[in-house]
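Below is one structure, written out as structure tokens; comments come after it.
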Amino acid sequence: MTDRERPERYLDGYAEILTQVSATGRRLTRDELASRRALGERAAEAGHGLRALVSAHLTAARSAWPGSPGSADGALAAVQQVVDAFAEGYERAQLLAVRQEEAARREFIDDLLYGRSDLGRLAERAERFGLRLSHAHAVAVAQGPAAYDEGDPVPRQVEREVISRFGDRRVLLTTKDGRLLCIAPGHQDEVLAYFAKQAHAATDGGRVAVGRPRPGPGGVVHSYEEALNTLELSERLALDDPVLHAADLLVYPVLTRDRQAMADLVAGTLGPLTTARGGAQPLLDTLTAYFDSGCVAAGAARRLSLSVRALTYRLERIHKLTGADPADPAHRYMLQTAVIGARLLDWPANDL
């Protein structure tokens, strides 16, 4: 019979201990307790269930009872000591196994997201955690008002909701640098959308960014970095959407690829606004609201809690200072691009 089929082998010496203790009334010695803990550890490592093992101990105690002279109370105390020591060893082995598994999982996730491991070996390790890195994957990253660790209630709640909805779909949920992550096959948009919904709710309105699907073992880290960059962009641009897709914001990385050129555009186009009374920020906010409202003055005025007349005055002031008319289609693109650049570069708060 295999090790898993014989839980009674982990009762070695148990009957003798009961006989001696019940006859003398003594307590178990330190060595006897240590032997029970060691047997508990071995039983846990072999994969036996604790309930079956405790039941085996009680059955053995009943079998040994008629031949055990002395105090029944002493025998019961011995059974209690044996089971307690055995369970302690069992739980210690299980805790060690869990910690080792958590350490292996965390090491894998770190290697996966930093791309610092051999890709072939990484793909082999990924199978253990339900990922097939030969396929394309996308990563969603959720950021809330607090930092989250993997065992915290919020990540556990989100993981529970996603797993209960989709079951085993080769999805990996974890945390990294205080954020919640969901790694899913690239064609399973519904999984990432549901994760985003649950993460947004669980983090009290946190923001979620979804990277584009990328193929191969290195695809996960690329999608992850893209999602992080999207979160950073959303903060700089003060975007209101709770869920942002990197594919929808590709224009912004393009605009910032040449930072010096963008800084020159901002300085050359919007620099004159710094001479206005109150500085450039109020007029820059006016342009932002105007463009975000589809160049509709009434809508922009509502966003800024101004009258249409006051907003029109500001637009005229901008035209006079910069020489570019926000209402003129020929000037609008340059102004709007400069406004986006100012937001990305955090101007005028920071010098260009």
Side-chain angles (χ1 to χ4, degrees), residues 142-145 196-197 200-201 203-210 229-352:
Q143 181 171 290
K197 178 181 178 181
H200 175 68
T203 57
D204 295 325
R207 185 168 292 168
V208 185
V210 183
N229 291 335
T230 300
L231 281 176
E232 184 181 355
L233 274 175
S234 70
E235 292 179 1
R236 290 187 184 180
L237 298 173
L239 301 178
D240 295 329
D241 295 343
V243 181
L244 301 157
H245 291 81
D248 298 334
L249 302 175
L250 291 178
V251 65
Y252 298 110
V254 171
L255 290 176
T256 56
R257 191 160 294 164
D258 189 338
R259 190 185 187 283
Q260 187 56 54
M262 178 58 72
D264 291 344
L265 175 65
V266 173
T269 304
L270 303 177
L273 298 182
T274 58
T275 63
R277 182 181 298 176
Q281 192 63 56
L283 296 180
L284 184 62
D285 292 342
T286 300
L287 284 173
T288 300
Y290 184 65
F291 292 132
D292 287 349
S293 301
C295 298
V296 176
R302 283 194 297 271
R303 286 173 179 258
L304 296 171
S305 300
L306 296 174
S307 66
V308 175
R309 182 175 180 179
L311 182 92
T312 302
Y313 171 79
R314 287 191 181 186
L315 293 176
E316 292 172 351
R317 184 65 176 156
I318 291 168
H319 184 190
K320 182 176 180 179
L321 290 171
T322 65
D325 183 1
D328 185 341
H331 299 164
R332 188 179 301 158
Y333 177 74
M334 179 183 67
L335 275 173
Q336 188 167 9
T337 304
V339 167
I340 292 172
R343 294 163 73 180
L344 291 172
L345 300 176
D346 196 19
W347 181 87
N350 292 324
D351 293 334
L352 298 174

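Rounding to the nearest 0.5 Å gives a distance of 7.5 Å between OH of Y252 and CG of L344. Taking CG of D351 as the start and CG of L345 as the end, the distance is 11.5 Å to the nearest 0.5 Å. Atom OG1 of T269 and atom CD of Q336 lie 13.0 Å apart (nearest 0.5 Å).
Taking A327 as the reference, Y290, D325 meet the side-chain contact (heavy atoms from CB on, under 4.5 Å) condition, with sequence neighbours excluded. Checked against side-chain contact (heavy atoms from CB on, under 4.5 Å), P329 has the following partners two or more places apart in sequence or in another chain: R332. In terms of the side-chain contact (heavy atoms from CB on, under 4.5 Å) criterion, residue partners of N350 (sequence neighbours excluded) are, by chain and number, D346. Qualifying salt bridge (charged side-chain N to carboxylate O under 4.0 Å, His left out) partners for R303, counting only residues two or more places apart in sequence or in other chains: none. Remark: E235 engages no residue in a salt bridge (charged side-chain N to carboxylate O under 4.0 Å, His left out) (not counting sequence neighbours).
At a threshold of 4.5 Å between non-hydrogen side-chain atoms, the residues F291 and L335 count as touching. Inter-residue side-chain proximity for T288 and D292 is flagged as met; some heavy-atom pair is nearer than 4.5 Å. In this structure the side chain of L265 reaches within 4.5 angstrom of the side chain of M334, judged on heavy atoms. Contact check for H319 versus L315: no side-chain heavy atoms found under the 4.5 Å cut-off. Two residues are said to be in side-chain contact when any heavy atoms from C-beta on lie closer than 4.5 Å; H200 and K197 fail this criterion.
Contact check on K320 versus E316 returns no salt bridge, with no Lys/Arg side-chain nitrogen under 4.0 Å from an Asp/Glu carboxylate oxygen.
Across every non-hydrogen atom of T203 and G144, the tightest pair is CB-CA, 3.9 Å. Residues P272 and A267 come closest through the heavy atom pair CD-O, 4.1 Å. Among all heavy-atom pairs drawn from I318 and P326, the shortest one is CG2-CG, 4.2 Å. The shortest heavy-atom contact between L306 and A310 is CB-CB, 4.3 Å. The minimum heavy-atom distance linking V266 with A338 is given by the pair CG2-O, 3.5 Å. Closest approach of M262 to T337, counting heavy atoms only: SD-O, 4.1 Å.
In this structure a side-chain-to-backbone donor-acceptor pair under 3.5 Å is missing from S293 to V296.
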Atom pairs and distances, side-chain donor-acceptor, residues 277-286, under 3.5 Å, sequence neighbours left out:
residue, atom, partner, partner atom, Å
Q281, NE2, D285, OD1, 2.8
T286, OG1, P282, O, 2.9
T286, OG1, R314, NH1, 2.9

Yes or no on side chain to side chain contact (heavy atoms under 4.5 Å, CB included) for R317 and L273, after CA distance, side-chain angles and deciding distance?
CA-CA 9 Å; R317 184 65 176 156; L273 298 182; over 6 Å; no

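Here the options are L237, D241, T230, the test is side chain to side chain contact (heavy atoms under 4.5 Å, CB included), and the partner is L249; only T230 passes.
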